[in-house]
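As structure tokens, the structure follows; a few thoughts come after it.
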Amino acid sequence: MKNSFYDDVYAVVRLVPTGRITSYGAIATYLGVKSSSRMVGWAMNLAHTQADVPAHRVVNRIGLLTGKHHFGFPNRMQELLEAEGINIKNNQVADFDKLFWNPFTEISI
DNA sequence: GATGTGACTGACC
DNA sequence: TGGTCAGCCACAT
């Protein structure tokens, strides 16, 4: 099924460049459902069935790897991010402000 | 069909 | 400044 909320989430997440990250709220806001940022988290949960969706590049608003436990092993998400050149400190992205990928700025809705 | 839960965020005390 | 509360919607039981 296309044109659904989840497909839009996947589409945006797929646009996140390597070595960059974004937040659930940013995606939700970009899709016009900022109040339902939790749905983005659920979308990520279902995104596990979508191999093309880099869910590890999506973190919460402070850069915390809240969803790392959903990657099978807690270290998986961190290793994936580090493999892309992103430094992780205490389950949190060190340069979150610099690496943050803003859909509004990059996609220019 | 109703209830509970969740990878969040913003606002309030 | 920091902790707590409520809202949001879809999926699972």
Side-chain angles (χ1 to χ4, degrees):
Chain A
M1 214 34 153
K2 303 269 183 181
N3 298 329
S4 69
F5 172 72
Y6 295 100
D7 290 312
D8 290 337
V9 174
Y10 302 148
V12 175
V13 175
R14 269 191 277 252
L15 292 175
V16 179
T18 302
R20 291 297 205 93
I21 52 177
T22 189
S23 70
Y24 303 96
I27 297 172
T29 303
Y30 176 74
L31 296 178
V33 288
K34 64 177 182 179
S35 300
S36 305
S37 50
R38 285 181 141 191
M39 295 303 91
V40 179
W42 268 109
M44 291 297 97
N45 189 9
L46 299 179
H48 263 261
T49 62
Q50 310 287 326
D52 296 65
V53 180
H56 60 277
R57 292 182 195 154
V58 184
V59 295
N60 71 354
R61 70 183 183 93
I62 63 173
L64 197 64
L65 309 187
T66 51
K68 64 177 182 176
H69 249 289
H70 289 260
F71 282 78
F73 291 97
N75 294 357
R76 191 68 173 282
M77 189 174 187
Q78 179 174 336
E79 290 182 0
L80 288 171
L81 290 172
E82 288 179 339
E84 296 183 355
I86 300 174
N87 295 323
I88 307 298
K89 284 283 187 179
N90 296 327
N91 299 326
Q92 190 170 354
V93 179
D95 298 322
F96 178 73
D97 293 338
K98 297 177 184 176
L99 299 176
F100 180 71
W101 182 80
N102 192 329
F104 291 100
T105 304
E106 305 296 336
I107 302 179
S108 299
I109 189 170

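All heavy atoms count here, side chains included; hydrogens, waters and symmetry mates do not. Labels below follow one simple rule: chain letters A, B, ... track the order of the sequence lines, proteins then strands, and each chain is numbered from 1.
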### Query
Are side-chain heavy atoms of Asn87(A) and Val93(A) found at a separation under 4.5 Å?
no
### Tyr6(A) side-chain proximity, nearest of dG7(C), dA7(B), dA10(C)
dA10(C)
### Task
Find the distance Ile27(A):CD1 to dT9(B):C1' and express it as a whole number of Å.
14 Å
### Query
Reckon Ala55(A) touches a base, only the sugar-phosphate, or nothing at all at heavy-atom distances under 4.0 Å?
base
### Task
Nearest whole angstrom, please: distance from the C1' of dG6(B) to the NZ of Lys68(A).
17 Å
### Query
Below 4.0 angstrom, N of the basic side chain to O of the carboxylate: do Arg57(A) and Glu84(A) qualify?
yes
#### Entry: Minimum-distance nucleotide to Phe71(A) side chain [options: dT5(B), dG7(C), dA7(B)]
dA7(B)
### Message
Any base atoms under 4.0 Å from Arg61(A), or only sugar-phosphate, or nothing? Heavy atoms, all strands.
### Response
sugar-phosphate
### Polar side-chain contact Ser37(A)-dC8(B) base: donor and acceptor under 3.5 Å
yes
### Task
Check whether more than 12 heavy atoms from other residues, nucleotides or ligands sit under 6.0 Å from atom CZ of Arg76(A), and answer yes or no.
no
### Base partner of dT4(C), which must satisfy Watson-Crick or wobble distances under 3.5 Å
dA11(B)
### Query
Counting only distance, no hydrogens or angles, is the base of dA7(B) paired donor-acceptor with the side chain of His56(A) under 3.5 Å?
no
### Message
I want to check something: taking the side chain as every heavy atom from C-beta on, are Met44(A) and Tyr24(A) in contact at a cut-off of under 4.5 Å?
### Response
yes
#### Entry: Partner of Trp101(A) under side-chain contact (heavy atoms from CB on, under 4.5 Å), chosen from Val58(A), Leu15(A), Ile21(A)
Leu15(A)
#### Entry: Spacing between His69(A) atom NE2 and dG6(B) atom C1', to the nearest angstrom
15 Å
### Query
To the nearest Å, how far apart are Met39(A) CE and dC11(C) P?
9 Å
### Summary
Of the listed dA7(B), dG6(B), dT9(B), the closest approach to the Met44(A) side chain comes from dA7(B)
### Task
Return the value, rounded to whole Å, for the distance between atom OH of Tyr24(A) and atom P of dA10(C).
19 Å
#### Entry: Distance in angstrom units between Lys34(A) NZ and dT9(B) P, rounded
13 Å
### Atom-pair distance (CG on Asn45(A); C1' on dT5(B)), nearest Å
11 Å
### Query
Taking CG from Leu46(A) and P from dA10(C), how many angstroms apart are they, rounded to a whole number?
12 Å
